[in-house]
Amino acid sequence: MDAKHAKISAQRFSLLRTRILREMRSRGWSRLAVVPVTPGAGGTFVAVNLALALARQPHTQVTLIDLDLGKPSVAGQLGIPGCTAVSAALREGGGGLGALVSRVDEAPNLSVLAPDRAEPDAAELLQDEALAQAMRQLHDSHPARIAVIDTAALLGEDAALAALPLADALLLVADGRSGTASDMAECERLLVGMPPVMGVVLNKSED
């Protein structure tokens, strides 16, 4: 992005941050899943930039968690080394998921759990009670004001659906260039009984 577009992007994420913080604080929520509607919608881009915007707030500790375990990309977008596989941490015990969390030097309020490799059975792992328990332990041992969870795309696979119950609320990311009304209708059907949707980010839009 050139400087002009970078400034516009930062302003929009700052506005999004303010609205999300106000709503989540008022409801006592602390875990937000950023969920792309379709593959390539830019969910990781939104999750990373939202987490960075949140972390710029003084006294707001943020944890960014990459739960797109079939295709993790948070570490690559941040330009940091990734951690070992989540499944290995669950097998080995020890520090659990907390041992995989690292700080981002450029953003002191931001911690990241970003695996460097894909899990072959991501959906099954995300539905494992051992992972749910490990996420609860992570929440207790790293008491961030807010955790931003990056997930797989909602349509086309079940890994995202498996991850959603780990969140308090959802933020959908739709492709502003190729998304359709039928995509959103299918999302509405799939999200029955899931955590509430806080809103929809129209990504890649020319507006």
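Looking at every heavy atom in both residues, Leu154 comes nearest to Val35 through CB-CG1, 4.0 Å. Between Pro108 and Arg103 the shortest heavy-atom distance is O-NH1, 2.9 Å. Considering every non-hydrogen atom in both Leu113 and Cys83, the closest pair reads CD2-SG, 4.2 Å. Here the closest heavy-atom approach between residue Phe45 and residue Gln77 is recorded as CA-OE1, 3.5 Å. When all heavy atoms of Ala153 and Pro39 are compared, the closest pair comes out as CB-N, 3.4 Å. Across all non-hydrogen atoms, the minimal contact from Leu164 to Pro195 is O-CG, 3.4 Å.
Taking CD of Gln133 as the start and CZ of Arg136 as the end, the distance is 6.0 Å to the nearest 0.5 Å. Rounding to the nearest 0.5 angstrom, the gap separating the OG atom in Ser102 from the CD1 atom in Ile80 is 5.0 Å. Considering OG1 of Thr84 and CZ of Arg117, their distance stands at 6.5 Å, rounded to 0.5 Å. Annotation: the span from Glu186 atom CD to Thr38 atom OG1 amounts to 12.5 Å, rounded to 0.5 Å. Leu97 CG to Thr63 OG1: the interatomic distance, rounded to the nearest 0.5 Å, is 11.5 Å. With rounding to the nearest 0.5 Å, the separation of CG in Leu64 from CG in Leu110 is 6.0 Å.
For Arg19, the CZ atom is loosely surrounded, since the number of other residues' heavy atoms within 6.0 Å does not exceed 12.
No donor-acceptor pair under 3.5 Å is formed between the side chain of Asp116 and the backbone N or O of Ala75. Side chain of Asn203 to main chain of Ala174: no donor-acceptor pair is present (N/O by atom type, distance under 3.5 Å, no hydrogens or angles). In this structure, the side chain of Asn109 engages the main chain of Ala55 through a donor-acceptor pair within 3.5 Å. Between the Thr180 side chain and the Asp183 main chain, a donor and an acceptor come within less than 3.5 Å of each other. Without hydrogens or angle criteria, Gln57 side chain to Ala53 main chain gives no donor-acceptor distance under 3.5 Å. At distances below 3.5 Å, not a single donor-acceptor pair connects side-chain atoms of Arg31 with backbone N or O atoms of Val148. In this structure, the side chain of Thr18 engages the main chain of Ser14 through a donor-acceptor pair within 3.5 Å.
Between Leu155 and Val37 the shortest side-chain heavy-atom distance falls below 4.5 Å. Looking at Leu52 and Val62, their side chains never come closer than 4.5 Å, going by heavy atoms from C-beta outward. Val112 places none of its side-chain heavy atoms less than 4.5 Å from the side chain of Val101. With a 4.5 Å cut-off on side-chain heavy atoms, Ser87 and Arg91 count as touching. Using a 4.5 Å heavy-atom threshold, the side chains of Leu191 and Leu172 count as touching. Inter-residue side-chain proximity for Met24 and Ser30 is flagged as unmet; no heavy-atom pair is nearer than 4.5 Å. Between Thr44 and Asp66, the closest side-chain pair of non-hydrogen atoms is not below 4.5 Å. At least one side-chain heavy atom of Val86 sits less than 4.5 Å from a side-chain heavy atom of Leu131.
Cluster annotation: Leu16 and Val197 are assigned to distinct hydrophobic clusters (Ile/Leu/Val/Met/Phe/Trp/Tyr, side-chain heavy-atom contacts under 4.5 Å, transitive). Under the 4.5 Å side-chain heavy-atom criterion for grouping Ile, Leu, Val, Met, Phe, Trp and Tyr, Leu161 is connected to Met184 within one hydrophobic cluster. The cluster map of Ile, Leu, Val, Met, Phe, Trp and Tyr, joined by side-chain heavy atoms under 4.5 Å apart, puts Leu170 and Met135 in different clusters. When hydrophobic clusters are built by joining Ile, Leu, Val, Met, Phe, Trp and Tyr residues whose side-chain heavy atoms come closer than 4.5 Å, directly or via intermediates, Trp29 is grouped together with Val34. There is no path of hydrophobic side-chain contacts, each under 4.5 Å, that joins Leu32 to Met194.
Using a cutoff of 4.0 Å between basic side-chain nitrogens and carboxylate oxygens, Glu23 and Arg27 are scored as salt-bridged. One finds no salt bridge joining Lys71 and Glu119 here, because no Lys/Arg side-chain nitrogen approaches an Asp/Glu carboxylate oxygen to under 4.0 Å.
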- request: May I have the step-by-step check of side-chain contact (heavy atoms from CB on, under 4.5 Å) for Leu171 and Leu50, ending in yes or no?
  value: CA-CA 11 Å; Leu171 180 68; Leu50 176 59; 4.1 Å; yes
